[in-house]
Each structure stands twice: as structure tokens, then as C-alpha cells.
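The figures that follow rest on heavy atoms only: side chains count, while hydrogens, waters and symmetry mates do not.
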Amino acid sequence: MKKGWETKRLGDVAETQYGLSEAMNEDGKGYRIFRMGEVQDGRLHDTGRMKFANITKGEFEKYKLYSGDVLFNRTNSFELVGKTGLFDLAGDYCFASYLVRVKPNRTKILPGYLNYFMNSARFQTSVKQKASKSINQANINATILSDELIEFPEKLSEQKRIVGILDEEAALGGASDER
């Protein structure tokens, strides 16, 4: 381990939460709900074709997304399970049950850094090895996800510097897996 870096279980630096299991509609009734298809290129995108969950304000508050939340795709094809995206949009959004919210403790790990790490080939390979598989589908539950090891600089300033470099690379069209 490099000096100034830590290795911890994801669950030691972030909380996890399953998404909302509720019927969805296309009528615009309720709150916009993120599904697997809106996790693209490490971000959550309002595609303009989002579905809605017609739930009470109280229920919505349990699943409301906040800037810096990271969503992990827990159920999908083996190729797409594990897809991860950072939420940084304005507006009222919630998330579906096949996604897991990862809420980082920002005194230990920055959301942007965690998102890049969780999208790295190393993390993806490791977590997918633990996926349960059935016909055309794979699943990684929140317990397995929370037990996954992550590495990060102890200093938030160093995490921020790394995120800045990776953001620049991504803007140029080639994000690196160096974490």
C-alpha cells in the first residue's frame, strides 16, 4: 500500500440503500425515477424519457437523490451489472429497486473519487466475481457491495486532485483506470 493511502471496506466509508420497488408510469405522475438505462458513462442522465413513481411525499423522502449520491446497478446482464453513476442533477429524483444508493461519508471519501474507483476495471472485476448468476442475469447485493475493498488517499485534497485529472481525461474522451 502506498504511503498516505487507505484500504477499507466500502461499508466502512459509505452507507448503502436499495431503491424503490413501485409501479412506474409514463404519464408524468409523481417523481422521476432513475432506472438502469439512465446510468451512462459514470453519470446519471435524465434522458427525457424517464418514468415516474406516483408515491407520497413521505415515501419520496426515503428515496430522494442528493448531489453526490452514487448509484450502483445491482441486477442486470453480467456485462452491465455493476454499472455505476454519480448523481449531480438539480430537481426531484428517486431510484428504482435494482439500483443501490451508495452514500459516501464525505469526511473520508469524495463522491467523485468513489464513483471513479467503483467504475475502475479493478473494482468491476472484483465485484463481478462475487455476483450470483442465473439465466441472462447477474446480481450483486448490498452486503457483497459493502464488503468490497476500496483504496483511496487519506487526504481529501489528494482525492480532489485525482478527480480533477480524471475529469479532464474524460472530457478529452479517454478516462483512465489509474486510481
Within-4.5 Å side-chain heavy-atom neighbours: [X] and [Y]:
X	Y	answer
Tyr98	Asn76	no
Asp167	Tyr116	yes
Ile150	Phe123	yes
Tyr93	Met50	yes
Arg101	Tyr66	yes
Arg106	Pro111	yes
Ser77	Gln137	no
Val70	Phe87	no

Any idea which heavy atoms bring [X] and [Y] closest together, and the distance?
X	Y	result
Val39	Gly85	CG1-N, 3.6 Å
Val81	Gln124	O-OE1, 3.8 Å
Ala96	Arg35	CB-CG, 4.3 Å
Gly68	Pro104	O-CD, 3.8 Å
Asp46	Leu89	N-CD1, 4.0 Å

- Ser67 side chain to Asp88 side chain, donor-acceptor N/O pair below 3.5 angstrom: no

Under 3.5 Å donor-acceptor, [X] side chain and [Y] backbone:
X	Y	value
His45	Glu38	no
Lys62	Gly58	no
Ser146	Thr143	no
Gln159	Pro153	yes
Thr16	Ala14	no
Tyr18	Ala142	yes

- Task: May I ask you to establish whether Lys83 and Phe72 are in a cation-pi arrangement, using a distance under 6.0 Å from NZ or CZ to the six-membered ring centre and at most 45° from the ring axis?
- Result: no

Let me confirm one number: the [atom1]-[atom2] distance from [X] to [Y], rounded to the nearest 0.5 Å.
X	Y	atom1	atom2	answer
Leu145	Arg74	CG	CZ	11.0 Å
Asn105	Lys8	CG	NZ	10.5 Å
Leu156	Ile109	CG	CD1	9.0 Å

Basic-acidic side-chain contact under 4.0 Å: [X], [Y]:
X	Y	answer
Glu151	Arg122	yes
Lys103	Glu15	no
Asp92	Arg32	no

- Message: Please verify the inter-ring angle class for Phe60 with Tyr31; under 30° counts as parallel, over 60° as perpendicular, anything in between as tilted.
- Response: parallel

